[in-house]
2 protein chains.
Amino acid sequence: MYIMERQNCLPILLSFLLVFLLSVTTSKAQTNHTTNVAVHPMDPLTVQEINQVRGILTLYAANKSLSLYSVVLEEPPKSDVLRWRQGDPLFPRRASVIARFDEGPILILYVDIKSGQVDRATTSPLSGYPFLSLDELVTASSAPFTSVAFNKSITDRGVDLADLICAPLSPGMNSSYNLFVWWFGKKEENRKLIKVQCFITENTINFYMRPIEGLTVIVDLYTSQVVEVSDHGKHIPIPNPSNTDYRYSAQNNSNKNAKPINPISVEQPNGPSFTVKNNHQITWANWEFHLKPDPRAGSIISGAKFRDPYSGEIRNVMYKGMVSELFVPYMDPTESWYFKTYMDAGEYGLGLTASSLEPYNDCPKNARYMDAVFVTNDGKPFVRSNIICVFERYAGDIAWRHTQTAIAGEEIREVRPKVTLVARMVSTIGNYDYIVDWIFQTDGRIRIEVSLSGITIVKGTKYKNMEEVPKEEDLYGTLVSENIIGVQHDHFVAFYLDMDVDGPNNSFVKVDIRKQKTSPGESPRKSYLKATRNVAKTEKDAQIKLSLYEPSEFHVVNPNKNSKVGNLVGYKVEPGANAASLLDLDDPPQIRGAFTNNQIWVTPYNESEIWAAGTFAWQSQGDDTLATWSNRNRAIENKDIVVWYILGFHHITCQEDFPVMPTVSAGFDLKPVNFFDWNPILGARPNFEKDLPSCQANGHT
Amino acid sequence: MYIMERQNCLPILLSFLLVFLLSVTTSKAQTNHTTNVAVHPMDPLTVQEINQVRGILTLYAANKSLSLYSVVLEEPPKSDVLRWRQGDPLFPRRASVIARFDEGPILILYVDIKSGQVDRATTSPLSGYPFLSLDELVTASSAPFTSVAFNKSITDRGVDLADLICAPLSPGMNSSYNLFVWWFGKKEENRKLIKVQCFITENTINFYMRPIEGLTVIVDLYTSQVVEVSDHGKHIPIPNPSNTDYRYSAQNNSNKNAKPINPISVEQPNGPSFTVKNNHQITWANWEFHLKPDPRAGSIISGAKFRDPYSGEIRNVMYKGMVSELFVPYMDPTESWYFKTYMDAGEYGLGLTASSLEPYNDCPKNARYMDAVFVTNDGKPFVRSNIICVFERYAGDIAWRHTQTAIAGEEIREVRPKVTLVARMVSTIGNYDYIVDWIFQTDGRIRIEVSLSGITIVKGTKYKNMEEVPKEEDLYGTLVSENIIGVQHDHFVAFYLDMDVDGPNNSFVKVDIRKQKTSPGESPRKSYLKATRNVAKTEKDAQIKLSLYEPSEFHVVNPNKNSKVGNLVGYKVEPGANAASLLDLDDPPQIRGAFTNNQIWVTPYNESEIWAAGTFAWQSQGDDTLATWSNRNRAIENKDIVVWYILGFHHITCQEDFPVMPTVSAGFDLKPVNFFDWNPILGARPNFEKDLPSCQANGHT
């Protein structure tokens, strides 16, 4: 969630606005964005193009006021991109725009930049609204103060309004108690709503740890009306601020009590081994791919290809990979908490909320940075510098090894160090920080890793110690400090993986690993494991629930291409640690987040099926989700297919998460399986001492 | 498995022997082992002590010949070790010995080194035999050549005996076809057996890729008799050696086709931040622990303690952690393969098979190394140098972070780099290489990671291409190259984790995460997740099968100690990716490897319950496993308890595994949970540019 702040009774300042201001004034940009020109079909809109789009839309809108929720590149058709070669002229550049003119409906428009035409302007028949616009945030910020009840609730608590800071919370799911599924109560129908909850900044910068518990204001974003003020927290004290400040400058000696770590650095005195061409085209080892920031998805990898070390051929692996949605349902059914079931990509935007990365800490010394050009709500381009970093990682790990002592007294020991390439973005959605790493390996693997840090959102409570708590389960979380409960919640990250293994037409094969009993007399063994390949014919065959006891491998193969010894070339999706959604299938949050009904899905490629919780996630009702699409049960064998992987975390909080949470990570791999005729890094070079740098300590340590 | 080799018709040379010879002649030792003296109760036996033990046993054996299978420190009672403080005198040093005198039974002896007494000498009433002795290996090596049938099988294939290299395979489970469970057929009862299978070294150093398929010799290790020669592979060609050599020196240009990676190195110009005292006592950041190599377990961590950054108190976390067993059942029920169900720790020894690590490749430049002192079969000490490495890792990752943009125009961005300490050993059990990392984190976590590499063991086949194969499943694996099948198999690593969270008496708590339906009218939500704490009273309560759909957290808590706000202090076992054994529970391999029936077990501390597949794993019959112990269902609440975590891998091979396998990894975490009152690295220092080194390229790159 974002944060809004009230200072000295001025209108509340918005983080959204602040981020824009900070970004526009930054001078760290890696590129001259004013003159930058797109050269690749997947390149994001440039400053010049965004200005052109604004001009076109202003004309198109005539005298109506223009509110832009999203302005991004409308990617050319996939078939065009696939046949495009470096140096070819670009296809006509188009923008995809989500906008509202005056008080009209939400429109989706396609703008042809060169011709200056708006090609198409449609409304959506489906539920939901886009991200907040700046105007809407201003509305959300000022509206609560028009409410006598709200102001009284604040002052009744003895809180100075100047210490108030409020969060604009997506309203999640229905707030109706009716038996029939009414997505929103009558008072909420056909209105874009926001819920506002507040914290106090007095004596801490970590105001999240000082909630004004139980006070919620519902605001109609279109009419600026306060729809409802509810206060269920008058009896709940505001937690005290001790130990909440996480800044290094604020630590006292006891917190700095850890034995310091000597400086340690990843050094590449000859420079990195990767190149970045035209801002977005990365080549490293045998990989090449296009990398760009996106306001909603965070970072987008496209056109990932691997040069086969044996044939020299450049081989397609993945047309596009990105985060599609990030669903965070909290597990507290009470009035001030039940609705907290965020869709962070669709409601807030993983790119819009991404930080400029901090050199030496967010990314190591050897990192290179990439900027984003995003668009304000009035159509102006702005630069978020250093939003992505790319670096080579050497963690002391081993890519492959073997020791052989048996040969004629000669010991053979061959070991290859493991170096990978990481592309990282960090999104901070209010309290939480999500680190998303795309990690490319020399052996053809792509590892995708998500790490969670930041501030766990907490609930005020009257309890100071567990001994006062009559029934622990009714806390809906853990008492992490005096008067503070870390509420339990899940995180589900939906990954969109448009695999094109040696071409667009692929099949999804479940390699089922099952116990096979032997026949009497067949073997002294009574059982063994047998692997059976089952090709998914339609989407429902590929709605996968992972199981430890009925395990499978999940191969994306090219049914039209064999390896040297006749296996189908493929990549497999290799899950790591994961967590499943356990909510009722007919619970509104689960209907909205129905992409979490399975851990893997496969759909036929469809350029409109991109966002797993729907194009419009704010107040969505689950009529446009991955589950809806997949249940059509279309054919997926030997088709252009998209694989979806849902990565989940259950978060039962603990005191160590207070006041800022040590990173936890999970991920999965895309791994070549009979894609190469043999180990693609058989020829890799070992480290030799003479190649490594000479270093000296630098300055004060 | 180990490897034995026949050279120019000399008796077959043994890798076992070779490793010893290589080790004795090494000059890389970090310590003067001749004069080294034990100073800590957990210190392994020194060269001097081993020599004393040999002297004592030689006297004790009178004129009998002495064959020693194992000579290790008999650790003092845990209660003694717990009260020992640095500088205290050592408890009487004792050795635990497994030996055979002449042709007598296997004996377990305890030797008091100072008094020169053998305290106790017992036989085991249970099934199984210890590792191979050198004498037994010599027997296994020469016996096959006394068989006319064996020699004829070799020469019939046109193989030159000088190219022969053979592997001494543990016979696994019963080879009887009888309906009753006879663990071994009549011909095998009461005999220590070995199975020998051979490869050819002609034109490759990677002989594993050139199996003489289907030829198995069973040898009685006590009588040197050939019990049986079976040959089911006369029609199977020996695969050709092309592309099998993995040495860097043997790569041609096409294999070196990958774009080179520029030198990259982890640099610490001020040196490492850890200290190693008395060879084995490591301190780093807030951690301290004892680290030593063990012939059977690999590396042993003991006395792991963390200095609380807030109280300054040194707090116990884990009394002892190590690999207890490593079970590798292959999934091919046919005559030459069904028995391959290795217990690599108990049958071969993870320390005995561990390599001297290769600087710059097995471990990074900033690593420090530790040697092992092991014992030959005739009781002589020998040094395996550089068997463990310890290094600090900085992989560019983030320990915690948060960006806060809302405060009065001031952006707060606090990020802490993640530096960890890795203790690594690599065991090469014949073909396979296992990298076991114990990774200590500043936030109190211990991550344990196992990586697999080396050579996948293969089966010869007549097929050159999948199009010739009538039924793919009957391959029991994947055709990874012409005439070569990579046979599918599992790996299960059993970890022994004697947790002592703030003291020995702990409880095991399952925190069950389950769907809770709301009552009508309670909430607009129909469901949420509820966490319920269930304390395991007895062992059966703690026989855990992991489940994605009925998930739990697994806490080891100290029921006698509360955190500041009244939570029980604890550590949790946090699984990562895992695989379960799916074999029939009454299948002999599963009975022997019954510790894989669950993924987590908890037993009361018992100094005799150390090895999950039994003290004697060779030809064991499953009467002394973790499952046997646990099924006694003893009380475990508020007791000194041991947690066992079973980490599994299913390995369906692919062509990329040929001829040497890119590393795959999995692991799990031990993570503080309400152990600290708040984030223990709140006070950690960020990286500052001025602290990082200045480096220059070195030599030719």
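Only heavy atoms go into these numbers, but all of them, side chains included; no hydrogens, no water, no symmetry mates. Letters A, B, ... are given to chains in the order of the sequence lines, protein chains preceding strands, and every chain is numbered from 1. Given the structure is predicted, the values throughout are model-derived calculations rather than measurements.
- At a 4.5 Å heavy-atom cutoff, the contact between A/Val660 and chain B is made by backbone and side-chain atoms alike.
- For A/Thr663 (side chain) and B/Ile398 (main-chain N/O), a donor-acceptor pair under 3.5 Å exists by modelled atom type.
- Neither the backbone nor the side chain of A/Val422 comes within less than 4.5 Å of any heavy atom in chain B.
- In terms of modelled atom types and a separation under 3.5 Å, the side chain of B/Asn361 and the main chain of A/Asn687 share a donor-acceptor contact.
- When all heavy atoms of B/Val565 and A/Glu482 are compared, the closest pair comes out as CG1-N, 3.6 Å.
- Residue with the most contacts toward chain B among A/Lys365, A/Lys515, A/Gln268, A/Glu267: A/Glu267 (heavy-atom pairs, distance under 4.5 Å).
- Counting only distance, with no hydrogens or angles, the side chain of B/Ser527 and the backbone of A/Leu583 share no donor-acceptor pair below 3.5 Å.
- Options A/Thr518, A/Val511, A/Thr478 differ in how many heavy-atom pairs under 4.5 Å they form with chain B, and the most are formed by A/Thr478.
- A donor-acceptor pair is defined here as one N or O able to donate and one able to accept, closer than 3.5 Å; such a pair exists between the side chain of B/Glu656 and the backbone of A/Asn674.
- For A/Glu392, the parts lying near chain B are the backbone and the side chain together; criterion is any non-hydrogen pair under 4.5 Å.
- For a residue to count as touching a neighbouring chain, one of its non-hydrogen atoms must lie under 4.5 Å from one of that chain's; by this rule A/Asn562 does not touch chain B.
- Ranked by non-hydrogen atom pairs under 4.5 Å with chain B, the options A/His650, A/Gln696, A/Gln488, A/Lys418 are led by A/Gln696.
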Worksheet item: Hey, mind stepping through A/Asn567 and B/Gln655 against side-chain contact (heavy atoms from CB on, under 4.5 Å) and telling me if it holds?
Response: CA-CA 9 Å; A/Asn567 293 301; B/Gln655 288 180 238; 2.9 Å; yes
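- Looking only at distances, no side-chain donor or acceptor of B/Asp691 sits under 3.5 Å from a matching main-chain atom of A/Pro263.
- Chosen from B/Asp443, B/Ile435, B/Asn578, B/Leu548, the residue pairing most often with chain A at heavy-atom distances under 4.5 Å is B/Leu548.
- A donor-acceptor contact shorter than 3.5 Å is absent between the side chain of A/Glu358 and the backbone of B/Glu414.
- Contact count against chain B (heavy-atom pairs under 4.5 Å) is highest for A/Trp400 among A/Phe675, A/Trp400, A/Phe658, A/Phe391.
- Taking every heavy atom of both residues into account, B/Trp678 and A/Pro659 meet most closely at CD1-CD, 4.4 Å.
- Side-chain atoms of A/Arg525 do not come within 3.5 Å of backbone N or O of B/Pro333 as any donor-acceptor pair.
- Comment: B/Asp433 engages A/Arg401 in a salt bridge, judged by a side-chain N to carboxylate O separation of less than 4.0 angstrom.
- Residue contact with chain B, scored on non-hydrogen atoms closer than 4.5 Å, involves the backbone and the side chain of A/Ser481 alike.
- Proximity to chain B (any heavy atom under 4.5 Å) is shown, for A/Tyr246, by both the backbone and the side chain.
- For the residue pair B/Leu529 and A/Met331, the shortest heavy atom distance occurs at N-SD, 3.2 Å.
- Heavy-atom pairs under 4.5 Å with chain B were tallied for A/Ser547, A/Pro672, A/Ala579, A/Ser451; the largest tally goes to A/Pro672.
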